[in-house]
Every structure is written in C-alpha cells, then in structure tokens.
*Asks:* 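My structure is below; once you've seen it, I'll send some questions.
Values reported hereafter were calculated over all heavy atoms of this structure, with side chains retained and with hydrogens, waters and symmetry mates removed. Lettering of chains follows the sequences in order, A, B, ..., and the numbering in each one begins at 1.
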Amino acid sequence: MSFSLIETETLARKAARGAGMSWGLAEEAGFAVRWSEARGLPGAELLAALLQQTDGDDRALVAPQPGDVWRAEAPFCPITAGAALADRAGMLPGQALRLGPVRYPLLLLPYLAETGQAGLSWADTDIRTGGGVTVEGDARKALATEVTCGFAASGSLPCPPTQWRAGVTPETLAVLNRFAHRTYAPDTEASRLAGAGAGLTDND
Amino acid sequence: MSAVALRPPGQVMQLERLGSLHQSRLSFMRILLRRMRAGNWRIKRRLFEIDKAGVGVALYEAQGPERSYTLVAFAHDLPPEKRSDRVIAKAWDATFTLFDGAPEQADIDRLAQNVPLQEAGRVSVSELSVSRANRSVRLWEHVVTCLAQGHQPDAEKVAAVGYLMRTTAVYGSGKLGAADRGVTEDRPECHGPFQIEMLSVYLTRCFVMDLVEHMARARSPDTAVPLDPGLRRRFGIGNSTGLGLAPFLVNHPVLLNNWIATRETALARVRSVETAAASEVTVFRDRLDRAIRNAADWRSEHPMQIERLGHLRADLDALKARLEGFDFAIHPWDRLYRWAEDALSVEGQEQLVSLLLEPYGELVDDLEGGLAADEAAARRIDGAMSVADLRRLIKAHYGWALAIDWTQRDAQARAWYVSEEKLEPRLGERFEEPIAEYEQPLAPGRDAAALARDLHGCDPSLSIADFLTSHPEHRHIVRRVQLVDRYPYAEIRDNTIAAHMMPIDWLRCKLACFGATHFDPRSDRWVRINMFQNAPFPPELPDTGDDWAYPEVKP
C-alpha cells in the first residue's frame, strides 16, 4: 500500500514512543524514517525490525568518548547514536568517525546527511549521498561491527528527496501499528464523553 | 517614521488572548479569495448527478492560471440517527475530496469506494484533501420547504444558524493517503497555509447551495424557486470542531510563530503610520460599523461566550464613541490602540487589531508570504550550546513556567492523550483517570520547568549534546527551547494542562487564522464556527472587494 510521507513519519514516531523511546528520540525516529523513505530507502522496514529486536531494552546511549571512535558493549541504537552524532555536528574531529557495533546502520544516514556528511560504510557496504543516495552492498544489514561515518567530507552535498510516497509492506505496517498502539489510552465511557467534550446534541 | 515595536510574546501568547482572535486581512480564507480574484480563476460545475433522494456525485472545477483543482462531492441519504459531528461518526450527509486536476471516470469510481468511508478509506497522491459535512437539521428542512413552496426562507432563521451544512473534519497534508504538502507547496496558489483546505471548503459551499435548490426542485418542480442572491450570500459553511484541532498549535511551533508574528508585524506597521488619510479613516469607520453588526448577529448559548459578547458589543460602542472628534493627524492608530489596552476587554482589543489592518492592504498584505513554515528545517538541536546558555534561554522564554508551582495538583490537573478508539485526541483528569502514562508532549511549560531543575546541578560548561546523552527524556523540550529563541511566538506561554485551561482558546486561535467567524462554544472543548459567510459566489468574485468578511450594515 502507498502511504504519504507524513503518515509514515507519524506512524514511526508513535511506534518508537510505544517501544519506549522518549518523545524527543521518537521524533528523531520519525525524521529518519521519513528521510529514508523519501529517497527510496527502507526506513520503515528497518525501524520496525529495530524496535522488535530492542523492545524492552534500556536505550540509554553509552556516553561517547571524546575523539573519533565510539565504542559500546551493547550495540548502538542507530536512532540514539544518529541523533547524538547530529547534536555534535560542529564538535566532532574533522576526520572520519568510527563507531560500533551498530544495529541497522543505514538508519544513521539521515543524521549524517542532515549535518552535511557524505555517507557511511561498513564491512563490504558503502553508502554515499550527494545528488542521490548510492548503495553498494547490503543496506538492510542488521548489525555492523564497525561503521565509518563520512566526517571527512568537504562541505555539504544536497541530497534531495526523490519520491513522495513510502512503500510500506503489510508486515512492516503491522509491526509499527502494534508498537504505536501502546501509546493509545484504552477507552472508558467517561473519557468518550468528557474527554472529547461532546455529550450534547450534535444533530441539530 | 518612528517604528512601533511588536507586542511582546509574553503578552500575545497567553491563552486568553489567543482565544480572543478575530479574522483579519491575513486570514487564509481572505487570502484565497484575493488570489482567486486577482488570478481570474474560473469555477465550473462539471457534473451534478444527484437524484431526487439527494444521492449522487457532483464535480466543481476551479481553474487557475496554471492548474485546476476539482472538488469531488458525494451526496448521501443519511438516516438521522447516524448524524453526528463527532470523529466517531461513520456516515455523513456529504463527503468530499479535492482532486489535483480533472478526474477521469476511473478516478471517480475509485473515490466513490473510499471517500464516503472517510477515515476507513484510502485516497492517493492525486487527492489533496478529504472532508465531510452534515446538514443543519434546523435550517435545511426549513430552506428546502420554503423554496419548494416558491418563497424565500425566513432571514431571521437563516441568521440564527448561518449555514446549511457544517463540516466535521477537513483533512489535508497527506492524511488518509492524500498527497503530502510537499507535493504542492511550491505552487503559488498552494504555498500559503491551508489554501487547499480553504479552497475545498469554498467549493463545498457552492455545492451545498446548489444541492439545497436541487432538493427543493425535486420536491416540487412546478413551484420551486432558487434562493434570492442577496440571501444566498448569507449562508456560510459551518464547522464543528473538538479537540482534534488543538494539538496542532503545539505540534507546529514555527507555523504558529509565523501566523502570530505576521499579525503582530502588520499591527506594528499600522501603529507606526504617522497620519491617516481621509480615505483610510473612512474605511476604518465603515468596517467598525460592520463589526458592530457582526457582533450583534453573533449568537452563542455558552455562558462564557455570552459574557464575552457583551463585553465586545460594549467595547465596539466605546470605540465608536472614542472616534468622535478623534485627531487622526498624529500617530492615530497607535494612540487608539494604546487607549484600547486600558479601555477594552481582550476580546475588544483583538477585534480592534483586526480592524486596524483593514484600511492598509497595501501596507500589510505582502506579509502573507511569511505565513508558511518549514518545521523540518528548524528541528536540529545545537548540541554545542552550553548548559549555562540553555538555562539563560529558559529564563528568557519560560520565566512564566518557572513561576508556576508544579507540585500543586491544579497546575497539572489535566493530561492530553490519544484514545484507542478512532485515535481521537482527548483531555483527561490526570489524578482521576488512568491516562498519565499515555500523555502526549503538549505541556511545554511543565517540561521546561523540569528541564531547568535537571540543568540546575550540571556543570555550566557541559555541552547540551552531553547533557542529552544522560537525559534523553529532555530531548523534546530542549529542541523547543532552542527553537523559541529563534521564533519568539512559537510557544503558547501559558499552562496547557492547568485545571481551568480552556481548550476552546486553542481552537479559536487556529480558526481565526483561517478566517472563521461566529465562534460558538458548545463546551470548554468543542466549538462551532462559520466559514465564508457573506463571501461572494464565483460569478460575483470579480466584482467583490476584500471587505466581504464583514456583514453589510442594515439600511
């Protein structure tokens, strides 16, 4: 089924919140999914997989050490790590930054692109931005031991959206809806009337 | 020219004042009709296949200089017991979509399978909005009966309701599968906020007026008459809105900033005028008289609104009296505004602000270009900022929140949440209902105060990036605090979860920016309004000025 980008972003944000992210991080998840889907990358599918794998985990990012290598015992969440990278866009050393291990490293790409970085790579995979996104290798990688982020890029290369629709499969949709559902309060008769403020005649 | 400063956000962004806004030159409905008139838009009824029972489909095409848009209207025969304005309704008297261009038969067939279902259906990138409307039972039958019998409906009854159908939701910007705003935002006619939705409502009004005359003819072909053109214009399209609209203002901070900053800039420009020309004074006096008529026609059964209307009517009389012998030679509008700040209620002050813009289209209409916003471009967090600097920003922009004792139950008596059923935004009682764990991030004041508490013990030179690593729960509010420093009118500077907060203030703010009139609260969280009342119909557009939003004064 074809979805608008804003629908996909909104669903991703709710799902991330439902899976336990703070609202601010859930907004980051929505951003990453929208950015990816607008460029033909499987952002919604990877977020769904990520949330399933890490459901219930403590998402606190292991504090990044100053310098150009970020290490953690448990794998980094690409949303948490990506947002942390973007926050530090002006503070990082001017050379490539390495971090790992990272789950679904493709989801780091939106944050790198947003802050003007040229791409990322791991093992046998190389992803470049600039004009469009080029992928050589396995963009759906579930866990990369070490990812190199392109902080060596000179200046920012525009990477405009290429499409207005997100191709979300029924399986991905079901997973994201299941997480999003956790953010909805169960109905009571009282909330149905008082909560929305109606309860008087509206057929006049 | 000595420039008058903008009113400070601390004054403007209070809920009481936001909930007292009135339509103005910069309202989206007026912007739409100015553009359609200037661009010589043609509106044609392409199809009207509605049977005697009022069931069928109609097409209304709006042809602009470069592109066309078509309202696809489905008319239904709705049993009365199914008629409800609530989002939990499953059927309506009429359902609509705005199609991008001219639909083929295959498009209409596809839309007929989906649009009548509203939230339970899906539309595509070819559709720009989805909406529905219900008849006003009080007025519809009266008008059909009168017209069928060959005479005009009672003008008093028309005035008491003001519309034949009210919309209960107008979805745009990618909802239900429709095109994202990005698809159309570079088109001049779509760039301004809600221009697509306003066009859809304007065409809906054309359809509803045609439908009521059609139903009268169907009932009595030999005796039926059409509506008198003068009376016809007195029908707008109603809207009935609950909390679904409310979170928008908090969720679109840059847009809110641009709407309010635009209005405030326009006000400051007019207050800076040194001498008013006679023609400008004439326009102001004319609109004031018509605003007095508007206030007289404005009905509400809600005690709070009745009281406020009493103030408004007295305010407008006081304003008219103040103009007797008023010297328009030296900064007249600034003097008048400053007088009003002491002499009038907030409702009256904001009516004056709208009136002051009326004579000055050439001075303020160009500001409409600044109403649109790109929220995504403002989302980045500056992680290099120090804890000390962020604390300074909180003090500067959220001092009002730091002054609230958040340990008091009344201070956070409410919580905004989304219901499982139809995903409807609701407001609940935090300490009486099991909703706190589902709370939506719609309490920036409370969150800013919590952030300030956690920043308190931190090393002032610590970067915000490092602070957020150990405090991801503050990420949402840190983003807002940094944003408000760049967009000073982006935040409601009031407690959005207080025990006595009135959600209708949020609704009125947004709806006034649209250009709505006759706000009629049904409760503290539900409001009815009128849209495009007195607006010219398409054939009248070329010969009608931008003064239609104020009713003609009775002779």
*Asks:* So which of Arg480(B), His476(B), Arg379(B), Glu81(B) has the biggest tally of heavy-atom pairs under 4.5 Å with chain A?
*Replies:*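 Option with the greatest count: Arg379(B).
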
*Asks:* Rounded to the nearest 0.5 Å, what's the gap from CZ on Arg88(A) to CG on Asp382(B)? Could you check?
*Replies:*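 One gets 12.0 Å once the value is rounded to the nearest 0.5 Å.
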
*Asks:* Identify the two heavy atoms, one from Ser22(A) and one from Glu473(B), that lie closest to each other, and give their separation to 0.1 Å.
*Replies:*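 The answer is CB-CA, 3.8 Å.
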
*Asks:* Take Ile6(A) and Lys175(B), measure what side chain to side chain contact (heavy atoms under 4.5 Å, CB included) needs, and give me the verdict at the end.
*Replies:* CA-CA 8 Å; Ile6(A) 186 67; Lys175(B) 304 269 172 38; over 6 Å; no

*Asks:* So do the side chains of Gln163(A) and Val125(B) get within less than 4.5 Å of each other, counting heavy atoms only?
*Replies:*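 With C-beta onward as the side chain, the pair stays apart.
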
*Asks:* Where does Ala83(A) contact chain B at under 4.5 Å (heavy atoms): side chain, backbone, both or neither?
*Replies:*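 For Ala83(A), heavy atoms of backbone and side chain both lie under 4.5 Å from chain B.
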
*Asks:* Could you tell me which non-hydrogen atom of Glu420(B) sits nearest to which non-hydrogen atom of Asp187(A), and how far apart they are?
*Replies:*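 Smallest heavy-atom distance, with atoms named: N-OD1, 3.4 Å.
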
*Asks:* Determine the option with the most heavy-atom pairs under 4.5 angstrom with chain A, choosing from Ser173(B), Ser136(B), Gly182(B).
*Replies:*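 So the answer, after comparing Ser173(B), Ser136(B), Gly182(B), is Gly182(B).
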
*Asks:* Would you say that Asp87(A) contacts Arg475(B) through its side chain, given a criterion of any heavy-atom pair below 4.5 Å between the two side chains?
*Replies:*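 They are in side-chain contact.
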
*Asks:* Where do Arg165(A) and Val123(B) come nearest, in terms of heavy atoms and distance?
*Replies:*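 Between these two residues, the closest heavy atoms are NH2-O, 4.1 Å.
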
*Asks:* Search all heavy atoms of Tyr417(B) against all heavy atoms of Ala185(A) and return the closest pair with its distance.
*Replies:*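 Minimum heavy-atom separation between Tyr417(B) and Ala185(A): CD1-CB, 3.5 Å.
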
*Asks:* For Arg34(A), which atoms come within 4.5 Å of any heavy atom of chain B: side chain, backbone, both, or neither?
*Replies:*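 When you check distances to chain B, only side chain atoms of Arg34(A) fall under 4.5 Å.
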
*Asks:* Heavy-atom pairs under 4.5 Å with chain A - which of Ile381(B), Leu139(B), Leu423(B), Leu468(B) has more of them than the others?
*Replies:*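 Ranked by contacts with chain A, first place is Leu423(B).
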
*Asks:* With chain A, which of Pro503(B), Gly383(B), Ala465(B), Pro434(B) has the greatest number of heavy-atom pairs at distances under 4.5 Å?
*Replies:*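 Winner by heavy-atom pair count: Ala465(B).
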
*Asks:* Atom CD of Gln440(B) and atom NZ of Lys14(A): how far apart are they, to the nearest 0.5 Å?
*Replies:*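 Between Gln440(B) CD and Lys14(A) NZ, I get 8.0 Å after rounding to 0.5 Å.
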
*Asks:* Distance to the ring centre below 6.0 angstrom and angle to the axis at most 45 degrees; does that hold for Arg17(A) and Tyr438(B)?
*Replies:*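 No, Arg17(A) and Tyr438(B) do not form such a contact.
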
*Asks:* Examine whether an atom of Arg479(B) lies under 4.5 Å from a heavy atom of chain A, and if so say whether it belongs to the side chain, the backbone or both; otherwise answer neither.
*Replies:*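 Contact with chain A: side chain only.
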
*Asks:* With side chain to side chain contact (heavy atoms under 4.5 Å, CB included) as the criterion, how do Asp180(B) and Glu9(A) come out once you've worked through the C-alpha distance, each side chain's angles and the decisive distance to 0.1 Å?
*Replies:* CA-CA 11 Å; Asp180(B) 275 286; Glu9(A) 176 181 348; over 6 Å; no

*Asks:* Quick one: pull up OG in Ser4(A) and CZ in Arg122(B) and give me the separation to the nearest 0.5 Å.
*Replies:*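 It comes to 7.0 Å.
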
